[in-house]
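By convention in this document, chain letters (A, B, ...) are assigned in the order of the sequence lines, proteins followed by strands, and residues within each chain are numbered from 1. Since we're looking at a predicted model, the values are computed, not measured. All values below come from the heavy atoms of this structure, side chains included, with hydrogens, waters and symmetry mates left out.
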Amino acid sequence: RKEVEQDPGPFNVPEGATVAFNCTYSNSASQSFFWYRQDCRKEPKLLMSVYSSGNEDGRFTAQLNRASQYISLLIRDSKLSDSATYLCVVSSGYSTLTFGKGTMLLVSP
Amino acid sequence: EAGVTQFPSHSVIEKGQTVTLRCDPISGHDNLYWYRRVMGKEIKFLLHFVKESKQDESGMPNNRFLAERTGGTYSTLKVQPAELEDSGVYFCASSLQSYEQYFGPGTRLTVT
């Protein structure tokens, strides 16, 4: 079983749509959770950290369910510029980041 | 402030040759990490430096890979001799605290 599992997509949505990505992780000792964004042939960039209480940053909302070992990312009012691969990332607290393979989002006009 | 830089951006070498990748972290970042993404797979951790010391090298695939960070500034990752399966994108990241890691643009290595 992979440590971090994501639906690879692609998710094709029109501008203005709401889209949600999910991710599950296998290591119950994981302590930190993140969503990174990666554009084609670019480096991963931190989008947001994920907290148990849930957190929101503009159009982006992240949720964590420790009991189910499940993380989600909701994007509202999708923009063309949101097209990218979204990487679910966990850490056991010793700095090492464990990545999922990513979910590709394509936002069309 | 300059971000993490990596050199070269691309490298094409033949099987059996040696390649050295370089990473310059963000100034003042004591933590430096190497990751690798091979085609079709997820990004995987290779190793972690704190200053010049190797904190965790559990992700290094085998002894053909040697990472150094002399003086606790830039780091090099040498692959000797390179094999076909070493092809991929090698990312370097740095951080002040352990969790918020900033990634460099990567070095795309192709072994033929």
Side-chain angles (χ1 to χ4, degrees), chain A residues 1-10 21-27 29-52 55 57 60 62 64 66 71 73 84-104, chain B residues 2-10 21 23-26 29-51 53-60 67 69 88-110:
Chain A
R1 182 184 173 187
K2 288 202 175 297
E3 292 188 70
V4 179
E5 296 218 49
Q6 297 182 250
D7 180 343
F21 307 135
N22 304 317
C23 152
T24 57
Y25 60 94
S26 61
N27 184 356
S30 298
Q31 295 184 16
S32 301
F33 309 89
F34 311 93
W35 283 101
Y36 274 73
R37 170 198 169 122
Q38 187 174 25
D39 292 285
C40 188
R41 292 185 168 259
K42 298 286 189 180
E43 69 273 23
K45 291 188 176 177
L46 180 64
L47 180 65
M48 57 198 304
S49 301
V50 189
Y51 306 112
S52 296
N55 49 302
D57 183 2
F60 299 83
L64 166 65
R66 285 187 184 267
I71 306 162
L73 176 68
T85 295
Y86 290 83
L87 304 170
C88 179
V89 183
V90 305
S91 173
S92 64
Y94 295 100
S95 303
T96 305
L97 298 181
T98 302
F99 286 79
K101 287 180 75 171
T103 298
M104 184 181 292
Chain B
V4 177
T5 57
Q6 294 186 244
F7 182 83
S9 56
H10 293 81
L21 314 181
C23 168
D24 286 79
I26 293 171
H29 282 193
D30 287 340
N31 294 281
L32 186 150
Y33 313 83
W34 285 98
Y35 293 85
R36 175 175 77 170
R37 184 170 202 163
V38 298
M39 189 177 292
K41 302 281 190 179
E42 65 274 19
I43 296 171
K44 288 209 163 183
F45 168 79
L46 296 179
L47 89 161
H48 171 206
F49 284 100
V50 178
K51 297 186 180 179
S53 300
K54 290 176 186 174
Q55 181 77 12
D56 180 357
E57 52 183 330
S58 61
M60 294 288 263
R69 193 183 182 195
V89 182
Y90 290 76
F91 290 105
C92 175
S94 72
S95 72
L96 268 176
Q97 274 81 44
S98 296
Y99 299 144
E100 191 158 353
Q101 297 183 23
Y102 297 88
F103 282 75
T107 293
R108 187 170 298 273
L109 175 64
T110 303

Heavy-atom count check: over 12 atoms from other residues, nucleotides or ligands less than 6.0 Å from [X] [atom1]?
X     : atom1 : value
A:E5  : CD    : yes
B:K51 : NZ    : no
B:F7  : CZ    : no

Are any non-hydrogen side-chain atoms of [X] and [Y] less than 4.5 angstrom apart?
X     : Y     : value
A:Q38 : B:I43 : yes
B:F45 : A:F99 : no
B:E42 : A:V4  : no
B:Y33 : A:T96 : no

Nearest-0.5 Å distance, OG of residue B:S95 to CG of residue A:L46:
11.5 Å
Interface moiety of A:K45 toward chain B, non-hydrogen atoms closer than 4.5 Å:
neither
Which atoms of B:Y102 come close to chain A, meaning under 4.5 Å heavy atom to heavy atom: side chain ones, backbone ones, both, or neither?
neither
Using heavy-atom distances under 4.5 Å, tell me whether B:K41 contacts chain A through its side chain, its backbone, both, or neither.
backbone
Between B:R37 and A:K101, is there a donor-acceptor pair closer than 3.5 Å when you use the side chain of the first and the backbone of the second?
yes
Does any N or O in the side chain of A:K42 come within less than 3.5 Å of the main-chain N or O of B:P105, such that one atom is a donor and the other an acceptor?
no
Check B:F91 against A:P44 and note the closest heavy-atom contact, atom names and distance.
CE2-CD, 3.9 Å
